[in-house]
K.L.:
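Structure in structure tokens, see below.
Chain identifiers are assigned alphabetically (A, B, ...) following the order of the sequence lines, protein sequences preceding nucleic acid strands; residue numbering begins at 1 within each chain. Because the structure is a prediction, the values reported are computed rather than measured.
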There are 2 protein chains.
Amino acid sequence: MPRYLIDPDPGLALRDLSSAMGTRILSEGLALMNEIGLEAFTFKKLAERMGSTEVTVYHYFANKQRLLQYYFQVYWLWLATHCKQEGRNLADPLERLQGDIKAICGIWPENARANRFDPDDLRALVINEGSKSFLHKNVDSDNELKLFKPYKDLCAHIAGEVKACSPRAKHARSFATTLVEMAHSLEFAMHHLPALTELSEKKDRKQLAAYLIDLANRYVAQK
Amino acid sequence: MPRYLIDPDPGLALRDLSSAMGTRILSEGLALMNEIGLEAFTFKKLAERMGSTEVTVYHYFANKQRLLQYYFQVYWLWLATHCKQEGRNLADPLERLQGDIKAICGIWPENARANRFDPDDLRALVINEGSKSFLHKNVDSDNELKLFKPYKDLCAHIAGEVKACSPRAKHARSFATTLVEMAHSLEFAMHHLPALTELSEKKDRKQLAAYLIDLANRYVAQK
DNA sequence: ACTTGTATTATAGTATTACTATACTTGCAG
DNA sequence: CTGCAAGTATAGTAATACTATAATACAAGT
């Protein structure tokens with residue numbers, strides 16, 4: 001019996017994570033990685049924080065990159081599920097697309113939970129560290145292991161909505177990827193590199209969503 | 001007398017780089033960083049490759065992040081100069097914007113040189129490793145040191161062209177950032193995560209530019 | 001009750017990384 | 001010919017990212 005609604009690739013972890021120890025590694029790991037960043041994060045520090053040992057953590061994950069990729073998968077799996085769920089009640093594809101954009105901008109119900117995680121914590125991690133999941137020399141072998149499938153699936157889902165709005169769009173997938181990427185990098189910019197965006201003034205996710213919805217409306221409207 | 005047309009922040013390096021040693025560090029460093037990636041790159045390996053010593057390299061740069069940020073600055077400084085130069089011959093802001101988009105997509109004259117570097121090498125590095133310049137816990141202090149100014153300046157320049165095309169655009173800066181970011185992340189996607197974009201089929205920078213020009217035309221056209 | 005296996009811990013050790021310190025040499029500039 | 005900056009040689013340190021081995025604890029199956 002699976003403990004979660006949606007599970008990441010079992011190949012990411014070396015051992016079943018539903019145990020008490022697995023649970024603590026995942027929850028404390030997320031908190032610590034968010035606090036100190038991937039570079040400073042070590043399994044030793046995580047073990048100390050948990051009152052356990054480095055070796056124990058190594059029995060669950062081969063290295064910290066795999067742990068990051070685990071969170072990366074949970075986040076995108078959950079987001080895609082959430083988007084598809086919300087879309088069921090909407091007949092108009094443009095409304096569905098706008099709903100998806102709000103979701104990728106982090107606008108979701110209070111108290112939402114992504115499996116056992118707080119989706120705000122996952123989102124923060126994915127914004128700050130997520131691209132390190134694939135920006136390295138092993139990207140091609142990791143991709144063959146399908147580690148980025150949940151991310152691609154969400155982009156494909158959004159591309160589907162774009163197509164539904166504008167069947168003749170030639171770059172629906174590229175545009176969906178644009179929306180997803182910018183939902184994250186503009187949020188990073190508005191907190192750390194404010195000169196890059198007008199959104200820094202209010203630092204409001206709703207404004208971020210409004211920009212991307214406007215962009216989507218313009219993209220989908222013509223022709 | 002400055003050796004370069006455009007120089008990065010002098011605070012990035014610990015010592016003047018115009019010497020023979022400085023030149024070799026910069027050129028071999030770029031090649032090695034592109035070959036093995038930032039994580040595997042060390043000053044020791046660079047020194048071995050150059051037939052010099054680790055300590056010598058440490059006399060030029062405090063750490064490899066600073067060296068990366070140096071290349072990051074050179075790239076954006078050169079690109080902005082190139083864009084502004086090309087724009088001088090064009091009266092129509094939309095044509096200037098389209099020219100800028102081609103430039104950020106890596107379409108520039110054969111044999112172009114960015115200071116002493118091959119801009120294709122710089123572009124490859126910035127695509128694969130560039131975001132590690134700012135995706136870390138020191139981003140705010142590095143930003144106070146103005147290390148990201150050349151990047152922001154190019155985005156601001158492009159935002160100016162967007163404004164010129166569409167004076168009432170509310171998110172010109174956010175949109176300029178969107179263009180610049182996607183010129184890089186879609187190029188990465190088309191080589192390593194092909195499911196994310198239609199551009200993977202031909203892997204052609206011109207098609208990438210065509211997508212972004214189309215996006216810009218749609219963004220600028222309305223209202 | 002006894003065995004087997006799995007999970008966790010304890011302890012140790014290694015190669016590499018990311019530096020820092022000190023002192024020596026060499027070449028050139030004043 | 002003297003001084004100073006650049007480069008080299010050598011050494012050393014704390015931390016990282018693991019791997020290996022063995023001991024313990026506990027739970028399930030026979």
K.L.:
Once you round it to whole Å, what is the distance between C1' of D:dT16 and NZ of A:Lys64?
P.N.:
8 Å
K.L.:
Provide, to the nearest angstrom, the distance between the CZ atom belonging to A:Arg66 and the P atom belonging to D:dA17.
P.N.:
15 Å
K.L.:
Please pick, from D:dT8, D:dC18, C:dT11, the nucleotide with the shortest atom-to-atom distance to any side-chain atom of B:Thr56.
P.N.:
D:dT8
K.L.:
Do A:Thr177 and A:Ser174 have a side chain donor and acceptor closer than 3.5 Å?
P.N.:
no
K.L.:
The side chain of A:Asn63 is closest to which nucleotide in this list: C:dT20, D:dC18, C:dT8?
P.N.:
D:dC18
K.L.:
Measure CZ/A:Phe41 against P/D:dT16 and give the value in whole Å, please.
P.N.:
12 Å
K.L.:
Do the side-chain N or O atoms of A:Lys44 get closer than 4.0 angstrom to the phosphate oxygens (OP1, OP2) of D:dA17?
P.N.:
no
K.L.:
Quick one: which of C:dT9, C:dT17, D:dT8 gets closest to the side chain of A:Thr53?
P.N.:
C:dT9
K.L.:
In whole Å, I'd like the distance from the CG atom of B:Leu14 to the C1' atom of D:dG7.
P.N.:
15 Å
K.L.:
Taking only side-chain nitrogens and oxygens of A:Ser52, does any of them come within less than 4.0 Å of OP1 or OP2 of C:dT8?
P.N.:
no
K.L.:
Please classify the nucleic acid contact of B:Thr42 as base, sugar-phosphate, or nothing, using heavy-atom distances under 4.0 Å.
P.N.:
sugar-phosphate
K.L.:
Measure from the side chain of A:Glu54, starting at C-beta and using heavy atoms only, and say which of D:dA17, D:dT16, D:dT10 lies closest.
P.N.:
D:dA17
K.L.:
What is the distance from CG of A:Asp16 to P of C:dT8, rounded to the nearest Å?
P.N.:
10 Å
K.L.:
Rounding to an integer number of Å, can you tell me how far A:Glu39 CD sits from C:dA18 P?
P.N.:
11 Å
K.L.:
When you check the phosphate oxygens OP1 and OP2 of D:dA5, does a side-chain N or O of B:Arg15 lie under 4.0 Å from one of them?
P.N.:
no
K.L.:
So which nucleotide from D:dA20, C:dT8, C:dC19 ends up closest to the side chain of A:Ser19?
P.N.:
C:dT8
K.L.:
Consider side-chain contact (heavy atoms from CB on, under 4.5 Å). Of B:Arg15, B:His59, B:Met50, which one does B:Met21 pass it with?
P.N.:
B:Met50
K.L.:
Check whether any side-chain nitrogen or oxygen of B:Lys45 sits under 4.0 Å from OP1 or OP2 of C:dT17, and answer yes or no.
P.N.:
yes
K.L.:
Under a 4.0 Å threshold between the charged nitrogen and the carboxylate oxygen, would B:Glu187 count as salt-bridged to B:Arg123?
P.N.:
yes
K.L.:
A:Leu46 CG to D:dA17 C1': how many Å, rounded?
P.N.:
14 Å
K.L.:
Side chain of A:His59, heavy atoms from C-beta onward: which of D:dA6, C:dT8, D:dT10 has the nearest atom to it?
P.N.:
C:dT8
K.L.:
When all nucleic acid strands are considered with a 4.0 Å heavy-atom cut-off, which category describes B:Tyr58: base, sugar-phosphate, or nothing?
P.N.:
base
K.L.:
Can you check ring-ring contact (aromatic ring centres under 6.0 Å, His included) on B:Phe188 and B:His192, steps first, answer last?
P.N.:
CA-CA 6 Å; B:Phe188 183 88; B:His192 299 292; 4.7 Å; yes
K.L.:
Taking only the side-chain heavy atoms of B:Met21 (C-beta and beyond), determine which of C:dT17, C:dT9, D:dT8 contains the nearest atom.
P.N.:
D:dT8
K.L.:
Aromatic ring centroids of A:Tyr71 and A:Phe117 under 6.0 Å?
P.N.:
yes
K.L.:
Nearest-Å distance, CE (B:Met50) to P (D:dA6)?
P.N.:
15 Å
K.L.:
So what does B:Tyr60 touch, heavy atoms closer than 4.0 Å: a base, only the sugar-phosphate, or nothing?
P.N.:
sugar-phosphate
K.L.:
Quick one: does B:Leu186's side chain get under 4.5 Å of A:Glu181's, heavy atoms only?
P.N.:
no
